[in-house]
Every structure is written in C-alpha cells, then in structure tokens.
Amino acid sequence: MVYSSYVFLFLFLPITLIGYFSLQNTKNKIYQRLFLILASLFFYGYNNIKYVPLIVLSVIVNYVIAKLIVVLKSKPFISKVCLVAGIIFNVLLLGYFKYYNFFIENMNAVLGMDIPIKKILLPLGISFFTFQQLSFQISIYKGEHKLGNFIDYSTFVTFFPQLVAGPIVIYNEIEPQLMDDSRRKFNIENFQKGLYMFILGMFKKVVVADTLSIFVDNGFVMTNLGFVTAWATVLSYTFQIYFDFSGYSDMAIGLGKMFNIDITYNFLSPYKSKSVSEFWRKWHITLGRALSTYIYIPLGGNRKGIVRTCINLFLTFLVSGIWHGAAWTFVLWGVLYGVLVVIERIFKKSIEKIPGFIRVCLVFLCVNLLWVLFRAENFAQVAEIYKGMLNFTSFDIMRLSDIVVDGIINFPTFIDIAYILGILTALSVIVFKAKNSSYLYENFTPFAYKTCLTSGVLFLISIVFMSRGSVFIYFNF
Amino acid sequence: MKPEKGKWAFRFISIVLIGAIFMSAVVYIIDPLYKYRISDTKYILSEQYSSPGLVRFYEYDTLLIGSSMVQNTDMEHFNNKLNVNAIKIGIGGMGLLEQGKYISLANEKKDVKKYYICVDLASINKPIRTNSYLFEDDAFSQIKYFFNYEVWTRYIPVDVGLIMADLFGIDIPKSAEKATDVKRMGEWKDGAVFGKEQIIHNYINKKFAVSEVDKTDLVETSKKNIDVFFEEVDISKAEYNFFFPPYSALAWYDFQQDECFEEFLEIKEYFVEKATSSRANVYDFQSDEMVLNLDNYKDTTHYSPKINNWMTECFYAKEKIVTNENIGKSHEKLRDIVETFEKENPQLVKSE
C-alpha cells in the first residue's frame, strides 16, 4: 500500500485512526499497541502478503537477540557473540534478498561460471527496517537504550509511517513517546498539524515528482541527446528524487503527528548546500546519522588524523552506495561522493574562501552529475546522458518535446517546450529560494485561514493527480 | 485569540467538499469523455478515452472495431459502399478480449445491426486496457471520472478552448479539426511513408521490431481467449463479420523465421471454426497476392488506406469469405506467397 492511493487515504488511514484512538481509554495500552502493529502489518502486506512473515521473523529474531544481549550482559563474551549473531542475521537477510543476484552475476562474469539467477522478490523497505534493527542491537549492546517489552519493540519497528522508506528512527526517539500516556489520546491540534504536513508531502510527491517522472523516463531511454535535452532530463531527475523522497518523508512525519508521534526531519533544503558534506547533512538526514553513528564513528571518525579521517569518510560513502543498490552504478555513486567529501576535507580552508553562491552552484552541479549514476539502469545509459550533457555542438531544443510526451494528447511542440521549461524554472526557484516544508510545518498555525485554503486546494489537486498511479523511488531500497 | 479546537480541520473539510462539488459539476456539465452524452461542440478525441462514450451515445447502426489495422478506414467510403451508418473504434494494439468488452457494451446500449471486427493476430492476446470507470455507471466510476487526471489536465482545458472558439466563431487549426472528427479518430496515414525500400532496410537493420509477439503458449492462450470471446459476446443479435487483416508477406516471412507461422495458421483455423459455428462471416485478406507488394506498407503489418478501401469493396462483394472447408486452401496459398517472397528477396536470406 502506498500513502498516495485512494485505499490508503479514504479507507486505511481513517479506519486506523478511529480504531487506534477508540482504544485510548483502555486501561492497558497494550491494546492500542497491538492494534497499531496489526494495522502496520496489514499496510505492509497489502500488496504482497508474502512480505509479512519476513518482517515478523525479522522482528522476533532481532528482539530475541537483543534480549539475550541484555540478559547475558554479565558474560561479556557471550553477549558479544549474540551481537555478532544478530549482525550476521541482519546482514545475511539483507544480503540474500538484495545482493544475491548481484553477487552471482559478478561471480559468473569474473569466474566464467553459469550459476542461475534466482527470481527473488525484494521485500519492501528491507534496507530500512534491517538497518534500523541492526543499529538498535548495537545500541542495546552499548547500553545506550533500555530494552522494552516485545510489544513496544514491535511497535517501534513496524510503525507504518516510517516502516517502508524511513525516516530511520531511533528507539530512544520513539519509545518515550509511546510510553507517554498523554499521547495515547486523540489530539486535534496534532491531527491538524499532521494533516497539513501530510498534504504538503502528498502534493510534492503525486503532483511534482510524478510529473517529472514522465520527463525522466522518456529522457533516460533516448539516444543522441542534445545539450538542452540531456540537461533537462538530468535536472528533472534531480528535482524528481528530491520531491519524491522529501514528499514521502513529509507524509511520514505528518502521519506520525496524527498519531501523536514526532518523527525527525529527513530533508532540510539540501540543494541550498554550500558543500557536499553539508548536502549530506541535509539530504536523507536519518541515513546520514545512522551511517555516522554505526560506520564512521566506530571506524574512528576524525579522531585519528587527517589520513584516517579521509579513509573513514570514503568507506562510509562506499557503504552508503552499496546500501542504496545492488549495482555497480550505485557503488560508483557512493565512491565518487566519498572522493568529493575527502577533497573537501583536505582543501577545506581554500574552498571556504570561494563565494557562497558559487559554492552552491558547484555543489548543485556535482549532485546533478552524480544523480545520473543513481538513476541509470546501466553504464551505457550513463554514458549516453553524459555525452548529451557535454554535447555543445547540438542544442537540440526542439527535442525537449520528446521528453514531455505522455501519450494522452499531442500538443504542439512549442507548448511542450514552454511547459517543461516553465516547470523546471519554477522548481528551481522553489528549491533555492522558497521555505521548505519543515519550516512551514514548524510555523503551522491553525488560526491562519490561508493554510487551510492552500491545504484544501493542494489536497484536491493531489486527488486528481493520484488517479495517474505512482510508485515511490525509495521503495526500491 | 485562541482558535476554537478543530476549526482548522472543519474549514479544511468544508473547502474540500465545496471544491469537490464544484469540480464534479464542471466535469458533469462539460463531460469531455462522453460519459453522459455526446455534446454539440466537437471535443478532442482519444481512441483510448473517448471510445466507450462514443459506443454508448453516438448514433450508429454498424460498428467497425479493431486495432491500428482499421484506423485508416475511410468511413464515408465505408458507409456509402455498404449502405450503413457505421462508427469506427480503432485502438492501437487492441486485443480480442478488449474488443469483446466494447462489443458487449454496444450490444447493451445500442441496437447494432452489423459488426465488422478486425482480428489482429499479433495483438490477439493483448490484455484489456480499458478504463473501467468509462464503462461502468456505479458511484465509484462517477467519482473516478470527476477527479480524473487526464480529464482535468488534458481534456477539460482543451475542450474549454474548443467551446470558446465555437462560441466566438474562431477557426481552429486543421490538426485540431482532425482530432475532433469521429470519422477520423486514430487515423495515422498523414505523414506515413509507404514503400518497400524503407521496410526492407528497417527490417534488415532491426530498426524496429515486427509486431512483437509473445510466443509463450501462443496457441493455447489464443484459443483460450477465443473461447472466452465467444462465450461473452452474444453473436445472435446482429450480423457479425470478422476479418483477418492483410499483413505483408515480409511479416509472414518473419513469423516463419520466428517459428510462429504455423501457430498463427492453427489459431486462424480455430477461430474460423468457432465463428462459423456461431453463424458469423469470416473474411481472410491475408492470402491475397497483394501482400507481396511492399509498396503498400509502412512497415511489416501496417498497410496504406488503399487496402482499407479494398477490404470495404470485398465486404460489399462478399469476397474472401472463408469457412472450415476452404481455410486450408487459403493457407496453402499463403505458404506459396511466402515462398515467392523469399525467392524475390534474396537479400533477406543473406542478412539472416
């Protein structure tokens, strides 16, 4: 099930809210928790029931291991063995579903073997909930969290607003809120604020990102792209992935708020960043936090000299690339970010002397170029796009209409060109100048009639655009 | 002043409801996809979106239905020659089951006297792609129509423009005129280049695929779909005329190379058996020597409008009708045609 669907909006969400808060006065909060867990599992398994046993198994095994770590604390070696077992379990789980075929394909290519590829269905959100539980186990081992009961833990992992594509929440962020009795009851102010954020996110996703997806899908399969068409395609993807993922995160935050749970922000105007490091502090913030906590700092962080710092940074981004996908394009994507961050670290003082505006442009340029690797299906496609981006001999502006085509009505070419250029210009202004949704959310006031009217209009527009049908980009991770 | 609790939510819901009612009224009044009526003003047409409405509300007594194979049919010539008032529903890649859905809709809503149904073998197993909300009348279908993306972002803006042009007596461009003409809906002949040289060149260089046929269980799946079609469509109420469109000899040559030539013939024979047992007519245009002349084609299967006219003449003269008894002979002729084609085009054999 996706947030931007009629089933979710008009059936699942109202029923879940009503069901959850109808249990608010029960003496034992376990009933509310159980309801939320069941609703979340229903949400998760709606499109494919086969996903559900896997996540249930993952939650049970991870909890048992965490419990053993705590119970056997007095025997440090065995406790550590349990942690290692937990890490192996999670890595193997993720490795099998996500990386098995990638591993086999490469083995076949390198060793000339012919091991058959399996048809493995990638469970939704496996990278997220596996990473989340892995980080939880490490925190339990270090004594950073106190292990609650199984129901609390299950609620934390399966909580549907963040289950499938983050934000990657930490147990310490969610558990106190779940324990807070005042949050058990329906709160109209939270509901209104949450609804507002949800609508902002929904509009970003179904109207903006899904419109851009048409340009991107068309552009990436074209050959002999001219300069303008190539850049328009890449810019479209740069905006698409931002509005898609940040829109999803906004919806998750909004949904959490409706249930009186505050979920941390995941995006803070990343394209306004003056450095690649800053970009990664503002893009998919919770992933960056997790990578920093569980990869970068354990490797030594910046505490062991500049050379070791650079190696640690590089390795962290390499892991990020691998986490994002089982393909060499993702690996290269991660590697190149690692290289950029290392260069920034080494030449930090010189870079800071460059005027801010130019730095923003340079970072945006790098990000655009690297998104090509993220989106392309293979290196041939990457080469085709880069070739077009450097094709100074052919501006080919008329071909812009080819990337706009969606097969419904064929408009005259000049209308198509004006349409795409208009959209990209407007989005550039929004991304670089406008206040982001987190700011709007923080400054939400139920007194302002304008937000009400805007929300109503955005909601209706989103309902119309939703009839087109869409998939979230980060659902593939 | 502290706002009353819940006032924002109340206002939001009110705005949404008022907006929703307004939007529903606009769609109902304009009705760009003919869900409720055919408007007096000519609207922009789409084979995929306008066809259900046309089948339901347009005035006709004969239905010509098929894939891109029928889209170039000259309907004035068709109607004059056969003395009918026909409507053409041609949707690219339309499969047999999708055709069945439209025919059932026509049977339900109109008093259709005759059907001319193109059986495009290359598309016979294509899935149904219809927008169900345009076929059904329940509340959900209405709601889907009132808040539909294509309706609001394409058809309403364009149709409002056409209404305004009509109101103020402004002439619309010729391309828009064609796009609003029911008789020319889906027509692709303008700008199409017909000729042997380019077809052979493209074929040899694999510049585009021949109608890509899913060969997995081709015969079994096709027979199953044929059975479903004849179960779901009531053949008894009107005169049914099925026809196999004339693919070029190159297409049949390619089917042979692709090892689905005999399979298609088996499917045709099965279809003829089912159709004739239901007292329908079946025309086979595939075994005429005309298919050897690739100058009549734009690619391996798409022929020029001359061929559409020729088929209309055959309908009038009741020529090329096949039955269980003579379909075998027709297929023998087709095999000879392919053999002749191979001999006349040795460059194809060299390039394989």
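This is a predicted model, so every value here is computed, not measured. Throughout, a chain's letter reflects where its sequence line sits, starting with A, and its residues are numbered from 1.
In this structure, chain A has no heavy atom under 4.5 Å from any part of B:V151. With a 4.5 Å cut-off on non-hydrogen atoms, B:Y49 touches chain A through its side chain but not through its backbone. Contact annotation for A:Y196: both backbone and side-chain heavy atoms come within less than 4.5 Å of a heavy atom of chain B.
Under a cut-off of 6.0 angstrom, the local environment of CZ in B:F57 is crowded, with over 12 non-hydrogen atoms contributed by other residues, nucleotides or ligands. Atom NZ of B:K178 sits in a crowded spot, with more than 12 heavy atoms from other residues, nucleotides or ligands closer than 6.0 Å. The 12-atom threshold is exceeded at CG of B:D138, counting heavy atoms of other residues, nucleotides or ligands nearer than 6.0 Å. When the shell of 6.0 Å around CZ of A:F10 is examined, it contains more than 12 heavy atoms from other residues, nucleotides or ligands.
With a 4.5 Å cut-off on side-chain heavy atoms, B:K144 and A:Y6 do not count as touching. A:L453 places none of its side-chain heavy atoms less than 4.5 Å from the side chain of B:F12.
Atom CD1 of A:I461 sits about 11.5 Å away from atom OG1 of B:T153, to the nearest 0.5 Å. Here the straight-line distance linking atom OH of B:Y149 with atom CG of A:D210 works out to 9.0 Å at 0.5 Å rounding.
Aromatic rings from A:Y449 and B:W8 are positioned such that their centres are separated by 6.0 Å or more.
Here the options are B:V16, B:I15, B:I13, the test is side-chain contact (heavy atoms from CB on, under 4.5 Å), and the partner is A:F459; only B:V16 passes. Here the options are B:N131, B:N148, B:I143, the test is side-chain contact (heavy atoms from CB on, under 4.5 Å), and the partner is A:S467; only B:N148 passes.
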